[in-house]
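Protein chains get the first letters and strands the later ones, always in sequence-line order, with residue 1 at the start of each. We use all heavy atoms of the structure for the numbers below, so side chains are in, but hydrogens, waters and symmetry mates are not.
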Protein chains: 2
Amino acid sequence: MQDLRDESVNTIYLDPPFMTNKKQSLSSRDGEHFYYEDSWETKEDYIRFIEERLIEMHRVLRHDGSLFFHCDRNATHLIRFALDKIFGEENFISEIIWTYRRWSNSKKGLMNSHQTIYMYSKSDEFKFNQMYQSYSETTNIDQILQLRSRDANNKASYAIDKDGKTIVKNNKAGVPLSDVWDIPFLNPKAKERCGYPTQKPLLLLERIIEISTDVGDSILDPFCGSGTTLVAASQMGRFSIGIDIAQEAVDISRSRLEKPVKTESRLLEVGRDAYNQSLSELSSILYGIDYTLIQRNKGLDALLSSKYSDKPIFIRIQRQGEDLRQAIQKMALSLRNKGSEVSFLIAIEPSNSLIDYSHPNIVVINSLSMSISGSIASKQNNAKVLM
Amino acid sequence: MQDLRDESVNTIYLDPPFMTNKKQSLSSRDGEHFYYEDSWETKEDYIRFIEERLIEMHRVLRHDGSLFFHCDRNATHLIRFALDKIFGEENFISEIIWTYRRWSNSKKGLMNSHQTIYMYSKSDEFKFNQMYQSYSETTNIDQILQLRSRDANNKASYAIDKDGKTIVKNNKAGVPLSDVWDIPFLNPKAKERCGYPTQKPLLLLERIIEISTDVGDSILDPFCGSGTTLVAASQMGRFSIGIDIAQEAVDISRSRLEKPVKTESRLLEVGRDAYNQSLSELSSILYGIDYTLIQRNKGLDALLSSKYSDKPIFIRIQRQGEDLRQAIQKMALSLRNKGSEVSFLIAIEPSNSLIDYSHPNIVVINSLSMSISGSIASKQNNAKVLM
DNA sequence: CCCCGCCCTGAATCGAATC
DNA sequence: GGATTCGATTCAGGGCGGG
């Protein structure tokens, strides 16, 4: 870093290692008291180590630049102190929370499923490209589409044109990007993985680069590891400088830069909501039944929490406009290898033919609304006959 | 707090004020340099203030208790230092992120849309009730259902029994609850609001109480403000102690405890907790049918929009623990002057006697969950008979 | 009592099979 | 034949057991 000129880079991202190993080796060597002492020593060393480098980073960062510090869960407070000291409290911009879902375990307590990234600027003239996210589901659509004005008493209301109609305002971008980022954790099977242990998803770096730099700007990663920052920067037309003490890291970064691989994630493409379309419908039909939702299988909708002779019980709800025969076939197909002895199909429409296509493991039940309307219809028919 | 005995409370929740006012008044009076100095002074005072109280809290907390510290965004690192000092680093359990969507402003930078709650225990025997959330949208059922094994090369695959069928495991409740909690911010118009500035949503406190205490346990809130903690605790059958220096706060807390109001957030409709039970049952049962809710009649719950031979059709749902005979009687009473020729009573529990008390205008229909459990029970009986 | 390594778990991609 | 579906797979956190 010493080779870099003053105020020469636009953005710095770093994800330095936290010395947990060192701490552990020390703990095994000495008694408990020493373990504590040593661990504290290590922390002080660690902070000194970080601060020395932060001073250099502050020097090479441009006046309108910003720095993103990716923290270990155990050191966030130490790092924020160091940052306050070297960049100044008044330049603390955001505490970014990167949240993700990950393979679970049965630990006592809550699942750790976030990491912290501190954003600091060098001055309040820092460069920032506003990004937008979609509106909350509960936002009133009128609010987005209609222009608002204020009357004489400064009371806000929808603006009205000369014909008395509300004025529709187009292309509202959305809500300014939140500081909580839900970005999938790099999956064990992802092609994007290159074998480096703490590899970060490209999308995370892309977002950081997007909000803080323009095309042609420069990015520094002083602990570049597998080189994710460099790959993201080069794909986005930014210059980048990566530094790492390990030769291995430099090699991986080089090879990744030559052949960048980005995961084509379906989840990222279509978004989480795409999976959840029928959720509310389901929960209202299955109210009072203890179940687990099944998201990714067209033949099954829910798994009951109770069992029948130790075999799972599934539920499926007939789709609107779907023939009952089709529904049974789909369900039967999905049940093939699941070892279920009883499962339930809930019919929501009267079938137009007798059920001659029944299946041994599937019980067809009428939804309540169907029972009610059926019952009314039969009463009416009786009434007609009586008349 | 000094009146409380050692190790006497199970959980402590606190959300103390951060001294921003003092800091600001100082900053406006003096030049920039002084502003800094003074602000630091204030921070040290603040930390001393917090630490003194944390020591008392540590004293009154039970051995298996835990503490939840709701932090101001500007002081998270200071607070974590104080907590590490007084509770011990090894008792740091979780950094809980409460995220919400809020009304946007056009500030430069990311929208602040989270707050931090630190969870510390007094020992590693802390009480913890595991809560579960639903599986990810991308999880497939086979993983939940099927046992896996490893071959000689330690490669994982689904286990197969001697008949070549996959082995079904026990059902799971879901994934252990994450440390990132998406709970709607108290809407400015919400009924739940009682005018206190930093009021927290009941749901947030309910979750904290749920994971850390059992019925009959005690909760202390030493900065109780508007008393949300006390309201949540009393609704959940826990004892609670609230302390506040402001008489106003104590008054508000008292009145809220007498008349608790909870917002039914539309965002949480899908979650079973937030749902008004009878409303939800109705919407489930009447899914796909047009109806009007009947609010203040013990004998009737809804009026269908369709009619039977020009006479109204009513719906009633059997109450939990209510005998079917009682239900019919109540309904019949309410129907007396309504001129209905067909109405429906939805049974939610199997009746212990044959219905010899039927009523000409009332049709009894089984709820869906009852149909399913009844069907399972009869299958099991058949199986027994066959054996 | 501590440490190492095996085991269980589930997110999300992969990729074969199916539509 | 392109898109979709869904069974299979990998890997790391943390528990637990054995040395």
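Under 4.0 angstrom from either OP1 or OP2 of D:dC6 there lies at least one side-chain N or O belonging to A:N297. At the phosphate of C:dG10, neither OP1 nor OP2 sits under 4.0 Å from any side-chain N or O atom of B:S136. In this structure, A:N112 reaches the D:dG14 phosphate: one of its side-chain N or O atoms is under 4.0 Å from OP1 or OP2. Taking only side-chain nitrogens and oxygens, A:K338 comes nearer than 4.0 Å to OP1 or OP2 of D:dG7.
In this structure, A:L202 atom CG and C:dA12 atom P are separated by 17 Å, rounded to whole Å. Atom pair A:K298:NZ and C:dT18:P shows a separation of 18 Å (rounding to whole Å applied). Atom pair B:E137:CD and C:dA12:C1' shows a separation of 11 Å (rounding to whole Å applied). Following rounding to the nearest Å, B:D142 (CG) and D:dT5 (P) show an atom-to-atom distance of 16 Å. Rounded to an integer number of Å, the gap from A:Q115 CD to D:dA12 P is 14 Å. Between the CG atom of A:L203 and the P atom of C:dT13 there is a distance of 11 Å, given to the nearest Å. What separates CD of A:Q329 from C1' of C:dC19 is a distance of 14 Å, to the nearest Å. In this structure, the CD1 atom of B:I141 is 6 Å from the P atom of D:dG7, given to the nearest Å.
Picking from D:dG13, C:dT13, D:dT5 the nucleotide with the shortest atom distance to the side chain of A:N187 gives C:dT13. When the nucleotides D:dA12, D:dT10, D:dG7 are ranked by their closest atom to the side chain of B:Q143, D:dT10 comes out on top. Here C:dC14 is the nucleotide among C:dA12, C:dC14, C:dC19 with the atom lying nearest to any side-chain atom of A:R296.
Figure legend: A:R316 and A:F344 shown without cation-pi pairing, the cationic atom not lying both under 6.0 angstrom from the six-membered ring centre and within 45 degrees of its axis.
Remark: A:M111 pairs with A:S104, A:N105, B:P176 by the side-chain contact (heavy atoms from CB on, under 4.5 Å) rule, at least two apart or across chains.
For the atom pair B:Q115 CD and B:H70 NE2, the distance stands at 4.0 Å (nearest 0.5 Å). Rounded to the nearest 0.5 Å, atoms CD1 (A:I209) and OG (A:S240) are 7.5 Å apart.
The residue among B:V175 and A:L333 whose nearest nucleotide of DNA chain C lies closer to the 5′ end is B:V175.
Across every non-hydrogen atom of A:M236 and A:E206, the tightest pair is CE-O, 3.5 Å.
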